[in-house]
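Worksheet: one structure, shown below.
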Protein chains: 2
Amino acid sequence: MSDSAYRDQPSALPPPASVGIPLAEVETPALLLDLDAFEFNLRSLNETLSGRKVKVRPHAKSHKCPEIARRQIAAGAIGICCQKTSEAEAFVRHGVTNILVANEVVGDYKIRRLAQLAKSAAMGVCVDNATNVRALELAMAEVNALLYVLVEVDVGTGRCGVQPGPQAVALARAVAASPHLRFAGIQAYHGAAQHLRSPQERADAIRSACDKVRTCVDGLTAAGLPPQIIAGAGTGTYLHEADSGLYNELQTGSYIFMDADYGRNLEADGKPVRTFRQSLFILSTVMSRPVGGRAVVDVGLKAHSVDSGMPGVADLEGARYLKASDEHGVLEYTSIEPRLGQKVKLIPGHCDPTVNLYDWLVCYRGDRVEDIWAISARGAFY
Amino acid sequence: MSDSAYRDQPSALPPPASVGIPLAEVETPALLLDLDAFEFNLRSLNETLSGRKVKVRPHAKSHKCPEIARRQIAAGAIGICCQKTSEAEAFVRHGVTNILVANEVVGDYKIRRLAQLAKSAAMGVCVDNATNVRALELAMAEVNALLYVLVEVDVGTGRCGVQPGPQAVALARAVAASPHLRFAGIQAYHGAAQHLRSPQERADAIRSACDKVRTCVDGLTAAGLPPQIIAGAGTGTYLHEADSGLYNELQTGSYIFMDADYGRNLEADGKPVRTFRQSLFILSTVMSRPVGGRAVVDVGLKAHSVDSGMPGVADLEGARYLKASDEHGVLEYTSIEPRLGQKVKLIPGHCDPTVNLYDWLVCYRGDRVEDIWAISARGAFY
């Protein structure tokens, strides 16, 4: 149907900054990327993995930004992961041609669009259900293209994925028997392990995941279907997967940004994680200073996600982000009194759903806006 | 600067439905509006206010949708409220010409844009700071237009707003002394009262707010500045403000939609509130059924806001939305086993930040999509 059948159209806001201006002149709320920290994180991932035989396929659900995907691939990544067909479409449109949808795709329309993508890009997908395998084969046969498929195994998160063992083998057989699907291996992401605070807890969780993965590998190998790809890992645990001798494709996503939640993870010395630096911030403005000790900023629930707690305050000593309402954040301060109109940088509690609220990423170095990147897959959740 | 200076552009997704299709064919996640319930809510607000001398200026921060604003005005509203300059811009662009920004606007660029709007629409704004009053006057003088101004008073929420009494009077004087600002009255919204569960608690909270408002009215009247407008009220308390003999402009927003949080408010008989019906839903798809008792839907943190708790499950008896991750929601079910691909309607925990995640509202009646409305002020948070 034509667009004219809808009442009105969505509006995209212009960027909150232009290249070259100082940070103090950026409109708020704005999503900021500290380019020095971002580039440090890109390098740090490679350096910590140096000498290990693993490939990196970063998860683009964290950033939804074509320019970041390009830079990750330029830094050595073999491609990216997405979670949704429409995210993958946005990245293919912007020149990314090697994408794993690290998730199940269910529903005829979504599957048909995935099949279309596979005609011009190397596409993979995860499955945890035989009915879904049949639907994928049908759609791929229609376009006469090939899709590689990972069987998702639940290694401890309790979300999607078959149980390790015979279920995984049976599903891999169903995939392998489908002429337009290629069984490629196992998706074994342990999401619940990423934010365990102590390094020992995270190591134990991945050791337990590896036991489940090994059960699958043994069963698949015995069935004549040895998995080529064993994929998973996140920013909290990726070195354990890299050292496991099992996982060979790492799907870290948040490492480029970090957030307040990841900032609470500890390293072996009991200090907060330092492998990656905080590069993602929300710029806010003090819009009210109603009484002493309280300031209100213009960043509320529509400008950050509180699912993992309130944001941190990056550059106002002694201040704490106390509570959020739709368009407001209440700061409590003790030492430095912020002035009306002052810009305050916040550290998002959880990067992924926060990034998804913004159309633009304002990239800066030092105090100057250096570039502006579109978050082109913002809202791409079909 | 020209658009070509940015890396890529934001993409707006096409609507997840077309007019005339059954709900079962709508792409997910989708934001649904039950038109029967929505129209009931529009009527119910008017019916409950019948005979009371109050005006209605609904808060458009809840819906961000021009078509809903038009229908609210057609139903008798005198205009709308917004929270942000860019929201107001979106509504003015779509023909709404009477807007109160029920919030402080701080920062030169935002104020200049507000001033521009006042040249073609009747615009109001709130203030709680004399420095801000001077900045507003300066900008309005530059465009030689008039802005009406409400002094925001903190009546119990502990967010923005001056303290009732001399502070409010002093600020009103500053406004009245500004040639391009017109002092019009008091903004006295008690946000913290809206979700008190018992009707007695809500009544008590508004009684306390009214004491503070009366202090202001007396002080302002004595100073020769009797307030014409006394504005405030939300969906949880609006009848108390309407009956107060003080408030004369009501700013209810959520009443058109309702959400799981408002659904926990009780009426005098101890039963959940019935004045308004749930009209807003999120349509999800069961994308995984990994083990008995657990189903995973494709609606996670990027498709609803969890700040007020998990969403309710509207149409799958015995099921509960247990936890959300970025793109997944885990349902626990006891009685009816959902099939893979089944569509499940969810009741958002909090309507405002959930609506802000979507570009389109899929409007249905019975089982059929009847219209598709753009959420044109989605993401308009500058």
Exercise for review: Under the side-chain hydrogen bond (donor to acceptor under 3.5 Å, both in side chains) rule, what do A:S288 and B:D128 come out as? Steps first, then yes or no, please.
Suggested key: CA-CA 7 Å; A:S288 178; B:D128 71 354; 2.4 Å; yes
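Checked by atom type and distance alone, the side chain of B:Q167 pairs as donor or acceptor with a backbone atom of B:Q163 at under 3.5 Å. Side chain of A:K212 to backbone of A:P164: no donor-acceptor contact under 3.5 angstrom is found. Looking at A:W360, its side chain does come within 3.5 Å of a backbone N or O of A:L13 through a donor-acceptor pair. In this structure, the side chain of A:R289 engages the main chain of A:P338 through a donor-acceptor pair within 3.5 Å. Although no hydrogens or angles enter the test, the distance criterion places no donor-acceptor pair under 3.5 Å between the side chain of B:S376 and the main chain of B:A90. No donor-acceptor pair under 3.5 Å is formed between the side chain of A:D8 and the backbone N or O of B:A374.
Note on A:D298, A:T285, A:V127, A:V330: by heavy-atom pairs under 4.5 Å with chain B, the leading option is A:D298. Interface summary for chain B: among A:V306, A:D108, A:L301, the most heavy-atom pairs under 4.5 angstrom belong to A:L301. Per-residue counts of heavy-atom pairs under 4.5 Å with chain A were compared for B:E89, B:K323, B:K64, B:R70; the largest is that of B:R70. Ranked by heavy-atom pairs under 4.5 Å with chain A, the first of B:A135, B:G158, B:A303 is B:G158. Of all the listed residues (B:Q83, B:R93, B:E25), the one sharing the greatest number of non-hydrogen pairs under 4.5 Å with chain A is B:Q83. Between chain A and the residues B:H350, B:E104, B:E67, B:H328, the most heavy-atom pairs under 4.5 angstrom are made by B:H328. Most heavy-atom pairs under 4.5 Å with chain A: of the set B:G300, B:S305, B:P14, this distinction falls to B:P14.
Side chains of A:Y321 and A:H304: a donor on one and an acceptor on the other come within 3.5 Å. For the residue pair B:D352 / B:S62, a side-chain donor-acceptor distance below 3.5 Å is found, with atom types taken as modelled.
Proximity to chain A (any heavy atom under 4.5 Å) is restricted, for B:R294, to the side chain, taken from C-beta onward. Only the backbone of A:T157 comes within less than 4.5 Å of a heavy atom of chain B; no side-chain atom from C-beta onward does. Both the backbone and the side chain of A:T28 come within contact range of chain B, judged by heavy atoms closer than 4.5 Å. With a threshold of 4.5 angstrom between heavy atoms, A:E152 does not approach chain B through any atom at all. Within the 4.5 angstrom heavy-atom criterion, only side-chain atoms of A:N103, from C-beta onward, approach chain B. The contact between A:N129 and chain B is made entirely by side chain atoms (from C-beta outward), counting heavy-atom distances below 4.5 Å. Proximity to chain B (any heavy atom under 4.5 Å) is shown, for A:R159, by both the backbone and the side chain. Proximity to chain A is absent for every atom of B:V105, based on heavy atoms less than 4.5 angstrom apart. Contact of A:E327 with chain B is made through backbone and side chain together, with heavy-atom distances under 4.5 Å. At a 4.5 Å heavy-atom cutoff, the contact between A:D326 and chain B is made by side-chain atoms alone. Within the 4.5 angstrom heavy-atom criterion, no atom of A:V299 approaches chain B. There is no contact between A:V162 and chain B, counting heavy-atom distances below 4.5 Å. A:R113 touches chain B through its side chain: at least one heavy atom from C-beta onward sits under 4.5 Å away, while N, CA, C and O do not.
Contact of the B:V96 side chain with the B:P66 side chain is not registered, since no non-hydrogen atoms from C-beta on lie closer than 4.5 Å.
Residues satisfying the side-chain contact (heavy atoms from CB on, under 4.5 Å) test with A:L357, not counting sequence neighbours, are B:N356, B:L357.
Using bins of under 30°, 30° to 60° and over 60° for the plane-to-plane angle, the ring pair A:F381/B:Y358 lands in the tilted bin.
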